[in-house]
Amino acid sequence: MIVAFLMVSNVSIGQYLLIPMDAETQTDHLKAYGISYWLLAKGTKVKWLLNYRGGSFLIPETDEFKKELVVRGVSFEPLSEGEVTSILEFIASPSQNMQEVLLEKAPKIAVYTPTGKAPWDDAVTMVLTYAEIPYEKIYDTEVLADELILYDWLHLHHEDFTGQYGKFYRSYRTSPWYIEEKQNAEALATELGFAKVSEEKRAVALKIRDYVVGGGFMFAMCSATDSFDIALAAEGIDIAETMFDGDPSDADYQNKIDFTKTFAFTDFKLERSPMVYEFSSIDMTSKRRIEKERDYFSLMDFSAKWDPIPTMLNQNHTSLVKGFMGQTTSYDRDEVKKNVLVLGENKSNREARYIHGIRGKGFFTFYGGHDPEDYQHRVGDPPTELSLHPNSPGYRLILNNVLFPAAKKKEQKT
């Protein structure tokens with residue numbers, strides 16, 4: 001049955017626009033998500049056709065919508081009511097691994113990120129900007145003031161929630177930017193009433209945990225993923241050495257870690273040395289033996305009709321995505337909890353690249369690596385120019401998560 005869209009006065013009855021998301025016909029996959037968000041923000045419902053031509057979008061036809069598609073350089077195809085009926089009947093067939101999902105409301109987006117210029121950039125803020133999807137920046141002050149309840153979707157910038165300043169000590173401790181960042185973090189912690197940055201960051205992590213448990217959607221990349229879980233597991237335990245917080249860590253802190261408190265990871269070993277650019281055994285960066293030219297990961301295939309959530313998160317025009325590095329590149333499969341879904345993996349290296357789970361009433365997604373179109377992004381490197389990568393499969397995964405809260409949810413079976 002054709003979905004009843006919120007119609008506008010100049011809509012031709014029975015006329016629709018298909019925004020194809022396959023590799024062959026879509027000129028700008030990333031801006032297509034921005035168009036969908038723009039329509040939702042205007043009060044127009046959008047149909048997401050899971051696994052149909054790469055996860056296409058179906059919208060009502062108006063002159064205004066067509067003009068916006070042309071201006072943003074997004075490919076579209078006009079469809080008659082009969083053609084739409086045929087497509088939806090095809091998708092509904094039990095023989096097809098496809099599903100139609102109604103997107104109802106534009107989620108309000110927050111990006112957790114420090115103020116000021118940092119010596120690296122963030123893939124999520126870049127792709128949101130490129131796709132013309134609005135977001136607001138928040139940081140520790142807003143989180144601790146319980147302002148997360150104002151948002152539907154939260155992205156965590158490449159933060160270190162353990163209070164060890166990204167484990168950059170060995171290489172950058174004398175760099176002006178590192179010294180400034182440390183001073184700013186200490187000043188903020190003091191202002192917020194904490195004796196140490198590690199204590200303040202843990203308090204922030206706990207607030208974010210509560211946000212998810214209460215029904216929020218949280219997305220994190222790179223070091224924000226494992227450092228977040230480590231902070232939760234180390235609640236009430238000092239794991240930071242003297243150069244980070246002014247006093248020694250707790251003796252034998254590894255045996256005090258509580259893995260029941262984490263979202264995604266278990267049985268990991270923390271890295272004690274401040275001279276090692278690593279948080280724990282969760283990350284696979286130092287364990288990888290994969291040449292750049294052969295570094296790809298595969299997206300898992302889920303049942304669109306029975307498991308629309310992971311299917312939604314894996315919509316793409318290819319099932320093979322180029323790998324990319326980060327401080328946290330990927331996750332050891334043996335240290336991912338059994339109740340967490342692996343959405344993307346490199347089987348040859350036994351690493352999970354892209355994972356998703358449920359916590360309380362909310363959802364979280366962790367995505368390893370720093371920048372899907374910059375293989376080995378280093379401190380100080382220029383930001384990626386996304387106009388050169390409008391069809392990036394790696395960036396599409398981020399935008400799947402942005403639209404995810406807009407969908408009318410169905411119970412997941414997996």
Side-chain angles (χ1 to χ4, degrees), residues 50 101 107 110 112 124 148 151-156 159 161 205-235 257-268 279-284 297-304 306-315 321 326 328-346 350-369 397-407 409-414:
L50 304 185
V101 171
Y112 172 85
V124 174
L148 286 180
Y151 303 94
D152 303 301
W153 192 84
L154 171 68
H155 164 58
L156 306 183
E159 189 65 58
F161 290 99
L206 293 173
K207 286 287 188 180
I208 294 171
R209 176 203 63 188
D210 294 343
Y211 163 78
V212 176
V213 170
F217 299 80
M218 187 259 278
F219 178 84
M221 289 185 71
C222 201
S223 60
T225 60
D226 50 350
S227 75
F228 175 79
D229 254 14
I230 290 169
L232 296 182
E235 183 180 2
I257 297 298
D258 186 350
F259 299 115
T260 66
K261 295 180 178 180
T262 64
F263 276 26
F265 307 115
T266 188
D267 299 331
F268 51 82
F279 292 106
S280 74
S281 59
I282 296 169
D283 178 35
M284 294 289 288
F297 63 94
S298 301
L299 297 178
M300 310 292 276
D301 190 23
F302 296 95
S303 170
W306 289 97
D307 289 318
I309 290 176
T311 304
M312 232 182 299
L313 298 178
N314 272 13
Q315 288 303 284
V321 182
T328 302
T329 299
S330 54
Y331 317 115
D332 189 323
R333 282 295 301 262
D334 294 333
E335 296 178 8
V336 176
K337 288 185 173 182
K338 302 303 182 185
N339 64 336
V340 172
L341 279 178
V342 175
L343 302 176
E345 65 174 356
N346 185 308
R350 281 195 54 74
E351 62 182 28
R353 292 298 309 251
Y354 179 46
I355 62 178
H356 174 74
I358 300 172
R359 189 73 168 190
K361 297 179 180 179
F363 302 85
F364 66 91
T365 303
F366 290 167
Y367 191 14
L397 297 180
I398 297 172
L399 293 174
N400 287 339
N401 282 270
V402 173
L403 287 189
F404 172 48
K409 299 300 180 294
K410 293 183 179 181
E411 185 178 354
Q412 184 174 322
K413 305 298 181 183
T414 298

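The analysis underlying the following values was restricted to heavy atoms, covering all of them including side chains, and did not include hydrogens, waters or symmetry mates.
In this structure, Lys361 and Val213 have side chains that are not in contact, with every pair of non-hydrogen atoms separated by 4.5 Å or more. Counting only heavy atoms from C-beta outward, the side chains of Phe268 and Thr262 approach each other to under 4.5 Å. Within the 4.5 Å cutoff, the side chain of Ile355 has no heavy atoms near those of the Leu343 side chain. Here the side chains of Ile309 and Phe404 are in contact, with some heavy-atom distance below 4.5 Å. Residues Met221 and Tyr367 form a side-chain contact, since some pair of their non-hydrogen atoms from C-beta on lies under 4.5 Å apart. Side-chain contact between Phe263 and Val340 is absent, with no heavy atoms from C-beta onward closer than 4.5 Å. Considering only heavy atoms from C-beta on, Phe161 stays 4.5 Å or farther from Leu232 through its side chain. Within the 4.5 Å cutoff, side-chain heavy atoms of Glu345 are placed close to those of Met300.
Scanning all heavy atoms of the two residues, the minimum distance from Ala224 to Phe228 falls at O-CB, 3.0 Å. The two atoms that bring Met312 and Leu50 nearest to each other are CG-CD2, 3.8 Å, heavy atoms only. Minimum interatomic distance between Phe265 and Asp229 (heavy atoms only, all atoms of both residues): N-OD2, 3.0 Å. The two residues Ser227 and Ser223 come nearest to each other via the heavy atoms OG-O, 2.7 Å. Taking both residues in full, the closest heavy atoms of Ala304 and Thr311 are given as CA-OG1, 3.5 Å, listed atom of the first, atom of the second, then distance. Shortest non-hydrogen contact noted between Asp334 and Arg350 is OD1-NH2, 2.6 Å.
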Determine, step by step, whether Asn401 and Trp153 satisfy the side-chain contact (heavy atoms from CB on, under 4.5 Å) criterion, reporting the C-alpha distance in whole Å, the side-chain angles of both residues, the deciding distance to 0.1 Å, and the verdict. CA-CA 9 Å; Asn401 282 270; Trp153 192 84; 4.1 Å; yes
Run the side-chain contact (heavy atoms from CB on, under 4.5 Å) test on Leu397 and Leu299 for me, step by step, so that the C-alpha distance in whole Å, both residues' side-chain angles and the decisive distance to 0.1 Å come before the verdict. CA-CA 10 Å; Leu397 297 180; Leu299 297 178; 3.9 Å; yes
Between Ile208 and Met218, is the side-chain contact (heavy atoms from CB on, under 4.5 Å) condition met? List the steps. CA-CA 8 Å; Ile208 294 171; Met218 187 259 278; 4.2 Å; yes
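For Asp283 and Thr328, the side-chain atoms include no donor-acceptor pair closer than 3.5 Å. Of the N and O atoms on the side chains of Ser281 and Glu335, at least one donor lies less than 3.5 Å from an acceptor on the other residue. A donor atom on one side chain and an acceptor atom on the other are found under 3.5 Å apart for Tyr331 and Thr225.
Phe219 pairs in a side-chain contact (heavy atoms from CB on, under 4.5 Å) with only one of the listed residues (Leu156, Asn400, Ile398), which is Ile398.
Atom OG1 in Thr329 sits 10.0 Å away from atom CE in Met284 (nearest 0.5 Å). Separating the CG atom in Asn339 from the CD1 atom in Ile358 is a distance of 9.0 Å, to the nearest 0.5 Å.
The main-chain N or O of Tyr151 is found under 3.5 Å from a side-chain atom of Tyr211 such that the two form a donor-acceptor pair.
Contacts of Asp267 classified as salt bridge (charged side-chain N to carboxylate O under 4.0 Å, His left out), with partners at least two apart in sequence or in another chain: none. Residues satisfying the salt bridge (charged side-chain N to carboxylate O under 4.0 Å, His left out) criterion with Lys261, sequence neighbours excluded, are Glu235.
Between Phe364 and Phe366, the ring-plane angle classifies as tilted under the 30° and 60° cut-offs. Using bins of under 30°, 30° to 60° and over 60° for the plane-to-plane angle, the ring pair Phe363/His356 lands in the parallel bin.
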